[in-house]
Amino acid sequence: CESYLEGAATVEDAWASLRKLTGQASPVLMGAALSGVGVAELLEMLSLVAEGLDASSSDESVVFSPDTPFKARVYQVRHDASGERVTYLRVLNGKLHPREAFRFDGNVEKVHQIRQYRGTAYTTLDEALPGDAVGVTGLASPRCGDLLTGDTLDEAAATKARRFQPVLAVQVLPPYGVAPSTLLEKLRILEDEDPALNVQWDAAHGVSLVQVMGEVQMEVLTQLLFDRYGLSVKLLPPQVLYKETIAAPVVGCGHYEPL
């Protein structure tokens, strides 16, 4: 601080101080990804901040080498305009090619396309290398937060990624004339993109249930169902999901005296 006030601080000193505040301070930049404004500055900033950080502190064992076994993090799942599922990966180690096979719970799924997106447009790639962020088609099982290791999922990493769950449950009522099963189908698609929704079917009452974090997410979910599927749904007031319950049978005794 004194060197800054005295005018003796350099740009290198500023970046060195910022690296020491990793996890406590966050640089703020402005830009627009769709038009490419500020992207170069963002990449330069990430390079400067990461310079000198201890890579061993990462729990993903990232070495960014194409010669190591394949590893990639699923950071998003979406469906394109044709309804095809796109799994977005950040490649950490190894290489990925079209037609490569993965095994999930005994089922074999193959990569059809590797896409590099720019906004909604994309180009197809013949290979994805460490550091690439790509969208792949053909994979139906991986969910947001999963870690692909080799040709399958890292179950321990998947459990860790989903340890935080919403604590509110909401009933979603379909608009007049729309079958509950149709609404459930659309909610399942959204759950595929956001597993935390944890969509459930209440057969006793014939309604769908979702888990949310609060009113803002309820508004977003309502608007998303309308924008994407034209469904004007109604969400009932949320109920708290109680996580505690009786662990084992108990016997109680009481005495009652009438007045």
Side-chain angles (χ1 to χ4, degrees), residues 33-34 73-90 102 104-105 107-115 117-122 133-148 153 158-159 161-243:
L34 289 178
R73 174 72 68 179
V74 180
Y75 67 89
Q76 184 173 258
V77 173
R78 290 292 182 266
H79 293 78
D80 62 17
S82 65
E84 188 171 20
R85 188 183 199 264
V86 183
T87 305
Y88 290 82
L89 306 175
R90 175 175 175 257
F102 291 85
F104 308 116
D105 295 327
N107 298 319
V108 177
E109 301 176 9
K110 291 187 177 182
V111 174
H112 296 162
Q113 284 185 331
I114 301 176
R115 302 176 177 179
Y117 276 88
R118 183 179 179 87
T120 57
Y122 65 86
V134 296
V136 303
T137 61
L139 302 183
S141 298
R143 309 182 79 181
C144 187
D146 284 345
L147 183 66
L148 298 179
L153 290 178
T159 301
R162 302 194 185 102
R163 64 185 183 277
F164 300 112
Q165 294 291 331
V167 295
L168 298 176
V170 178
Q171 287 189 20
V172 186
L173 303 181
Y176 179 78
V178 175
S181 58
T182 300
L183 173 60
L184 179 62
E185 177 187 347
K186 305 307 181 186
L187 288 173
R188 292 294 186 195
I189 296 176
L190 298 184
E191 180 190 28
D192 192 30
E193 300 177 358
D194 182 5
L197 285 175
N198 193 22
V199 177
Q200 300 180 31
W201 172 250
D202 184 350
H205 300 90
V207 296
S208 298
L209 300 172
V210 298
Q211 294 183 16
V212 297
M213 300 295 291
E215 292 185 0
V216 173
Q217 188 178 7
M218 293 170 61
E219 294 176 3
V220 171
L221 178 61
T222 301
Q223 190 64 44
L224 186 59
L225 285 168
F226 180 76
D227 292 343
R228 192 179 295 187
Y229 307 114
L231 299 177
S232 299
V233 301
K234 178 181 179 181
L235 273 62
L236 299 185
Q239 303 293 322
V240 176
L241 290 170
Y242 293 99
K243 298 295 185 180

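All heavy atoms count here, side chains included; hydrogens, waters and symmetry mates do not.
- Of all the heavy atoms in Cys144 and Val77, the pair that sits closest is N-CG2, 4.1 Å.
- Here Leu148 contributes atom CG and Leu153 contributes atom CG; the two are 5.5 Å apart, rounded to the nearest 0.5 Å.
- Taking the side-chain hydrogen bond (donor to acceptor under 3.5 Å, both in side chains) definition, one finds that Asp194 meets it with nothing, sequence neighbours left out.
- Here the side chains of Gln200 and Asn198 are in contact, with some heavy-atom distance below 4.5 Å.
- Residues satisfying the side chain to side chain contact (heavy atoms under 4.5 Å, CB included) test with Tyr122, not counting sequence neighbours, are Gln113, Arg115, Tyr117, Thr124.
- Residues Asp192 and His79 form a side-chain contact, since some pair of their non-hydrogen atoms from C-beta on lies under 4.5 Å apart.
- Sorted by first and then second residue, the pairs that involve residues 212-230 and meet side chain to side chain donor-acceptor pair (under 3.5 Å), not counting sequence neighbours, are Glu193-Arg228, Gln223-Asp227.
- Taking Ser208 as the reference, nothing meets the side-chain hydrogen bond (donor to acceptor under 3.5 Å, both in side chains) condition, with sequence neighbours excluded.
- In this structure, Leu89 CG and Leu139 CG are separated by 7.0 Å, a value rounded to the nearest 0.5 Å.
- A donor-acceptor pair is defined here as one N or O able to donate and one able to accept, closer than 3.5 Å; such a pair exists between the side chain of Glu109 and the backbone of Ser141.
- Side-chain contact between Arg143 and Val74: absent, with no pair of heavy atoms (C-beta onward) separated by less than 4.5 Å.
- Taking OG1 from Thr87 and CZ from Arg78, the interatomic distance works out to 11.5 Å, rounded to the nearest 0.5 Å.
- For Thr120, there are no side chain to side chain contact (heavy atoms under 4.5 Å, CB included) partners at least two apart in sequence or on another chain.
- The 12-atom threshold is exceeded at OH of Tyr75, counting heavy atoms of other residues, nucleotides or ligands nearer than 6.0 Å.
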Donor-acceptor pairs are to be reported for all side-chain atoms of residues 169-190 against protein atoms at under 3.5 Å, with residues two or more places apart or in another chain.
residue, atom, partner, partner atom, Å
Arg188, NH1, Glu191, OE1, 3.1
Arg188, NH1, Val199, O, 2.8

